[in-house]
Asker: 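I am attaching a structure below and will ask some questions about it afterwards.
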Amino acid sequence: GEGWGMIKLINAKGATRILPETMIFKNVPLDFKVPMQSLVGMDGAVKTGKTTLSSRQFVISGRIYYPGDKDRIVQELDGLLLFLRYAPIRVYRDKSHDRFLFAYPLGAQQDWIDKGIELALNIPMLALDPYWYGAEILEEVSGTKTIEVDGNALVAPYVKTKSSVSSLTLINNTTGDEIAVTGSGIIEVDNEEFTCFINGNNRLDAVNSEWLLTGFNLQPGSNSITTNVPVELTYRPRWY
């Protein structure tokens, strides 16, 4: 058929499941939201805010078929339904693929065919986060270092000092983004969730105000990073 191969799933407990070749998904929309305001008495509209990506909905569909073995079909279904209870699910469109969507199953529509010897199955999925993600990467940075980032979208790394420090200044010379934290201890900055911890204590007050507005990102390709203390940057490359 036109499918991408055998779908691989990894649930929130870390269990892996490879679906039969007869289960596929092909249509994964990428929709943009453009905030706008219609013009009174004039043609068209004006853009009123930032363009954002919408969540993605898709369906894993196909059939489970084991000739002459109804019990195996039931076992496959029971195991799959239990597996899907632990969301979010990492959905790889092929078992050999290195990119996945974080998605939530919205049900499992079942249609038993020909007296139960074949099962047609549709599993609607919702990816609240619209990006495809790659494997987690950890970069250690001291002084100035160039980091090569895969993917085609910005990523917001998790930053942690390698030891107790008196302050943290981290600059992406390529983008101009900067984190400046005043305070002593192990410093951790989550650039996705916009949190800052010093020795495990919430210290958002210790971060520069510019970071609160723009964050700290790595762009696809080369990034020149400068830090005043050794840090670890953890991130996943991502694609639209």
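Just so you know, these numbers come straight off a predicted model, no measurement behind them.
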Asker: Tell me, yes or no, whether the heavy-atom count around K145 atom NZ, taken from other residues, nucleotides or ligands under 6.0 Å, exceeds 12.
Answerer: yes
Asker: Rounded to the nearest 0.5 Å, what separation is found between the CG atom of N11 and the CG atom of L84?
Answerer: 8.0 Å
Asker: Looking at H97 and Y92, what are the two nearest heavy atoms and their distance?
Answerer: O-CD2, 3.3 Å
Asker: Search all heavy atoms of I18 against all heavy atoms of M6 and return the closest pair with its distance.
Answerer: CG2-CE, 3.7 Å
Asker: Decide whether a cation-pi geometry holds between R236 and Y133; the criteria are a distance under 6.0 Å from NZ or CZ to the six-membered ring centre and an angle within 45° of the ring axis.
Answerer: no
Asker: So which atom in I225 and which in F216 form the shortest heavy-atom distance, rounded to 0.1 Å?
Answerer: CD1-CZ, 4.3 Å
Asker: Within this structure, what is the CG-CD distance for the pair N202 and E188, rounded to the nearest 0.5 Å?
Answerer: 11.5 Å
Asker: Indicate if L138 and I186 have the same hydrophobic cluster label, given that clusters are the connected sets of ILVMFWY residues with side-chain heavy-atom separations under 4.5 angstrom.
Answerer: no
Asker: Quick one: does V91's side chain get under 4.5 Å of F100's, heavy atoms only?
Answerer: no
Asker: What distance do I10 atom CD1 and R90 atom CZ have between them, rounded to the nearest 0.5 Å?
Answerer: 5.5 Å
Asker: When you measure from the side chain of N199 to the backbone N and O of F197, does any donor-acceptor pair fall under 3.5 Å?
Answerer: no
Asker: Around atom CD of E136, are there more than 12 heavy atoms from other residues, nucleotides or ligands closer than 6.0 Å?
Answerer: yes
Asker: Same hydrophobic cluster for V181 and V141, using side-chain heavy-atom links shorter than 4.5 Å among ILVMFWY?
Answerer: yes
Asker: Counting only N and O atoms by type, is there a donor-acceptor contact under 3.5 Å from the side chain of T227 to the main-chain atoms of L170?
Answerer: no
Asker: Step by step, work out the side-chain contact (heavy atoms from CB on, under 4.5 Å) result for F32 and L53.
Answerer: CA-CA 5 Å; F32 298 91; L53 298 181; 3.0 Å; yes
Asker: State plainly whether one hydrophobic cluster holds both F25 and F102, where clusters connect Ile, Leu, Val, Met, Phe, Trp and Tyr through side-chain heavy atoms under 4.5 angstrom apart.
Answerer: no
Asker: Determine the sole option in V159, V207, T161 for which the side-chain contact (heavy atoms from CB on, under 4.5 Å) test with I187 is passed.
Answerer: T161
Asker: Roughly how far, to the nearest 0.5 Å, is CD of E76 from CD1 of I64?
Answerer: 5.0 Å
Asker: For Y158 and E192, does a side-chain donor sit closer than 3.5 Å to a side-chain acceptor?
Answerer: no
Asker: Is the shortest heavy-atom distance from the side chain of Q109 to the side chain of P124 under 4.5 Å?
Answerer: yes
Asker: Determine whether the side chains of S54 and D31 contain a donor N or O and an acceptor N or O closer than 3.5 Å.
Answerer: no
Asker: Decide whether Y65 and M23 are clustered together by the hydrophobic rule: side chain heavy atoms of Ile, Leu, Val, Met, Phe, Trp, Tyr closer than 4.5 Å, transitively.
Answerer: no
Asker: Could you check if a side-chain atom of K8 sits within less than 4.5 angstrom of a side-chain atom of T16, using non-hydrogen atoms only?
Answerer: yes
Asker: Check whether more than 12 heavy atoms from other residues, nucleotides or ligands sit under 6.0 Å from atom NZ of K160, and answer yes or no.
Answerer: no
Asker: Apply the test side-chain contact (heavy atoms from CB on, under 4.5 Å) to residues E210 and L212: give CA-CA distance (whole Å), side-chain angles for both, the deciding distance (0.1 Å), then the verdict.
Answerer: CA-CA 5 Å; E210 291 82 5; L212 293 171; over 6 Å; no
Asker: Could you give the distance from NZ (K47) to CE (M36), rounded to the nearest 0.5 Å?
Answerer: 12.5 Å
Asker: So does N228 get a backbone contact from the side chain of T169, meaning a donor-acceptor N/O pair under 3.5 Å?
Answerer: no
Asker: Below 6.0 angstrom between ring centroids: does that apply to Y240 and Y131?
Answerer: yes
Asker: Rounded to the nearest 0.5 Å, what separates atom CD1 in I73 from atom CD1 in I117?
Answerer: 7.5 Å
Asker: Tell me, do I123 and L80 make a side-chain contact under 4.5 Å, heavy atoms counted?
Answerer: yes
Asker: State plainly whether one hydrophobic cluster holds both L154 and L218, where clusters connect Ile, Leu, Val, Met, Phe, Trp and Tyr through side-chain heavy atoms under 4.5 angstrom apart.
Answerer: no
Asker: Between W211 and N191, do the side chains contain an N or O donor and an N or O acceptor separated by less than 3.5 Å?
Answerer: yes
Asker: Listed by chain and number, what are the side chain to side chain donor-acceptor pair (under 3.5 Å) partners of S222, not counting sequence neighbours?
Answerer: E148
Asker: Grab the two heavy atoms, one from N217 and one from N172, that are nearest each other, plus how far apart they are.
Answerer: O-ND2, 2.9 Å
Asker: Within the 4.5 Å heavy-atom criterion, are R63 and I113 side-chain neighbours or not?
Answerer: yes
Asker: Closest heavy-atom contact between G185 and S164?
Answerer: CA-OG, 3.3 Å
Asker: If you look at every heavy atom in P130 and R56, which pair is closest and at what distance?
Answerer: O-NH1, 2.7 Å
Asker: Does either side chain, that of S167 or that of T182, offer a donor lying less than 3.5 Å from an acceptor on the other one?
Answerer: no
